[in-house]
Undergrad: 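Sending over a structure as structure tokens; questions will come in a sec.
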Amino acid sequence: MKQFTEAHLRERKKDYLDLLGNERFTLSDKSVWMLGKTDGVICFFLDEEISYICYSKSIYQTLKDILNIKKNNELIKLIMVHDLGISENKINQKKLSLSIINKIKKIINNFEFSLIKIKSNHAEKITDAFVVVSDPTYNGYTSKLNKIIDNLPEK
């Protein structure tokens, strides 16, 4: 059961509902080229579930980094950890193999995204609130709590 609802967002509830209800695009070069260096919040969906929410100072660059499987991108790292079982240490240590890149591409080819532009000095805090309310698969609090439990050291 979720602890937080859209009502907790107060005057930002409309922005949140717009983010979820806006037109969705497939994650492809064709759908991102026109976005430019626009800042805003991006919401990724996988099988109609909210998978990841982030704030970006350049939506185009963030989406390009995901499409190009740049391992400095947070979503790419989370996919590697959650879906492929790769430890964060290994992610930082080695170059990605073609096999891993193809597995990541297979996952991201199923993503859709929507976005909103937010003009606020607090855009990152607003995005954090959206994450708390929606509890996305990759960067929500449930996934963070699971990671803590999974990393509990043995006796």
Undergrad: I'd like to check Ile91 versus Val81 (side-chain heavy atoms, cut-off strictly below 4.5 Å). Are they in contact?
TA: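 Yes. Closest side-chain heavy atoms under 4.5 Å.
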Undergrad: Does NZ or CZ of Arg24 come closer than 6.0 Å to the centre of the six-membered ring of Phe113, within 45° of the ring's axis?
TA: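 Because its charged atom misses either the 6.0 Å distance or the 45° angle limit, Arg24 does not stack over Phe113.
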Undergrad: Please round to the nearest 0.5 Å and tell me the distance separating atom CZ of Phe44 and atom OG1 of Thr137.
TA: 13.0 Å
Undergrad: As an exercise, state the distance from CG of Asp18 to NZ of Lys117, rounded to the nearest 0.5 Å.
TA: 13.5 Å
Undergrad: What do you reckon, is CG of Asn72 surrounded by more than 12 foreign heavy atoms closer than 6.0 Å?
TA: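 Check passes, neighbour count above 12.
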Undergrad: Should we say atom NZ of Lys103 is surrounded by more than 12 heavy atoms from elsewhere, each under 6.0 Å from it?
TA: no
Undergrad: What's the spacing between Ser87 OG and Asn92 CG if we round to 0.5 Å?
TA: 8.5 Å
Undergrad: I would like to know whether Val41 and Ile126 meet side chain to side chain contact (heavy atoms under 4.5 Å, CB included); could you show each step before the answer?
TA: CA-CA 9 Å; Val41 180; Ile126 294 165; 5.6 Å; no
Undergrad: Hey, could you give me the CD/CG distance between Gln61 and Asn68, rounded to the nearest 0.5 Å?
TA: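 Separation between the atoms: 8.5 Å.
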Undergrad: Is there side-chain contact between Leu67 and Asp29, with heavy atoms separated by less than 4.5 Å?
TA: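 Yes, side chains in contact.
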Undergrad: Whether Lys125 and Asp128 form a salt bridge (side-chain N of Lys/Arg under 4.0 Å from carboxylate O of Asp/Glu) is what I want to check.
TA: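 Looking at Asp128 and Lys125, the cut-off is not met.
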Undergrad: Counting only heavy atoms from other residues, nucleotides and ligands, does the tally under 6.0 Å from NZ of Lys77 exceed 12?
TA: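 Atom NZ in Lys77 is crowded, with more than 12 foreign heavy atoms closer than 6.0 Å.
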Undergrad: Taking the side chain as every heavy atom from C-beta outward, state whether Tyr52 and Leu46 have any atom pair closer than 4.5 Å.
TA: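 No - every pair of side-chain heavy atoms lies 4.5 Å or more apart.
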Undergrad: Answer yes or no: is there a side-chain heavy-atom contact under 4.5 Å between Ile50 and Cys43?
TA: yes
Undergrad: Decide whether Asp83 and Tyr138 meet the rule of one side-chain donor and one side-chain acceptor closer than 3.5 Å.
TA: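 Side chains of Asp83 and Tyr138: pair found under 3.5 Å.
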Undergrad: Walk me through whether Thr62 and Tyr55 qualify under side chain to side chain contact (heavy atoms under 4.5 Å, CB included).
TA: CA-CA 9 Å; Thr62 298; Tyr55 170 73; over 6 Å; no
Undergrad: How many angstroms lie between atom CD of Glu124 and atom CD1 of Ile118, to the nearest 0.5 angstrom?
TA: 11.0 Å
Undergrad: If you take all heavy atoms of Ser114 and Phe45, which pair is closest and at what distance?
TA: OG-CE1, 3.4 Å
